[in-house]
*Asks:* 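Below you'll find the structure I mean.
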Amino acid sequence: GSYENCEIIFLGMENIHNVRKSYMRLRELCSAPADDDDRWLQSISETYWLQHLSKLLQGGRRIAELVMIERASVLIHCSDGWDRTPQISALA
């Protein structure tokens with residue numbers, strides 16, 4: 001069944017396995033000498049690390065707005081429940 005006055009919001013965040021791959025690519029990149037600053041910045045972008053952080057921060061902001069401004073109750077649930085759920089909850 002469904003509940004009245006409820007809204008489901010999908011944040012489009014990647015699972016922990018994709019985030020870990022992204023972090024490992026970022027870590028490798030930051031450990032290697034940078035010969036070309038423009039290429040290095042492009043390589044950073046290609047790790048998608050900043051996109052992961054952006055989605056996490058946007059999700060925390062959205063939940064904080066719901067609670068503080070709209071005075072709404074929220075239920076935070078991510079499919080795995082052991083990575084994104086506590087991250088979003090802590091930020092909010």
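Positions are given from 1 along the sequence.
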*Asks:* Tell me whether Arg62 is salt-bridged to Glu70, with the criterion being a basic N under 4.0 Å from an acidic carboxylate O.
*Replies:* yes

*Asks:* Between Ser31 and Arg27 (side chain of the first, backbone of the second, donor and acceptor by atom type, cut-off under 3.5 Å), is there such a pair?
*Replies:* yes

*Asks:* Going by side chain to side chain contact (heavy atoms under 4.5 Å, CB included), Val19 matches just one of Lys55, Gln87, Glu14. Which one?
*Replies:* Glu14

*Asks:* Tell me, which pairs form a salt bridge (Lys or Arg N to Asp or Glu O under 4.0 Å) where one or both residues lie in residues 40-54, sequence neighbours left out?
*Replies:* Arg39-Glu46

*Asks:* Is the closest side-chain heavy-atom distance between Cys30 and Trp40 below 4.5 Å?
*Replies:* yes

*Asks:* Work out which heavy atom in Ala92 is nearest to a heavy atom in Ala64; give both atom names and the distance.
*Replies:* O-CB, 3.9 Å

*Asks:* Kindly compute the distance separating NE2 (His52) from CZ (Arg84), expressed to the nearest 0.5 Å.
*Replies:* 11.0 Å

*Asks:* Taking the side chain as C-beta and beyond, is there a heavy-atom pair between Leu50 and Leu26 under 4.5 Å?
*Replies:* no

*Asks:* On a heavy-atom basis, which atom in Ile76 and which in Ser89 lie closest, and how many Å separate them?
*Replies:* CD1-OG, 3.5 Å

*Asks:* Using the rule that two of Ile, Leu, Val, Met, Phe, Trp, Tyr join whenever any of their side-chain heavy atoms come within less than 4.5 Å, decide whether Leu41 and Trp49 are in one cluster.
*Replies:* yes

*Asks:* Are any of the side-chain heavy atoms of Ile88 and Leu11 separated by less than 4.5 Å?
*Replies:* yes

*Asks:* Among residues at least two apart in sequence or on other chains, which ones pass salt bridge (Lys or Arg N to Asp or Glu O under 4.0 Å) with Glu7?
*Replies:* none

*Asks:* With heavy-atom distances below 4.5 Å as the criterion, would you say the side chains of Lys21 and Tyr48 are in contact?
*Replies:* no

*Asks:* So, the side chain of Ser22 versus the backbone of Asn18: is there a donor-acceptor pair under 3.5 Å, distance only?
*Replies:* no

*Asks:* Roughly how far, to the nearest 0.5 Å, is the SG atom of Cys6 from the CG atom of Leu75?
*Replies:* 9.0 Å

*Asks:* In a check of side chain to side chain contact (heavy atoms under 4.5 Å, CB included) between Leu56 and each of Arg61, Met13, Gln51, which one passes?
*Replies:* Met13

*Asks:* Working to the nearest 0.5 angstrom, can you tell me the gap between Leu57 CG and Leu91 CG?
*Replies:* 6.0 Å

*Asks:* Spell out, yes or no, whether Ile16 and Tyr23 are grouped together once hydrophobic residues are joined by side-chain heavy atoms under 4.5 Å, including indirect joins.
*Replies:* no

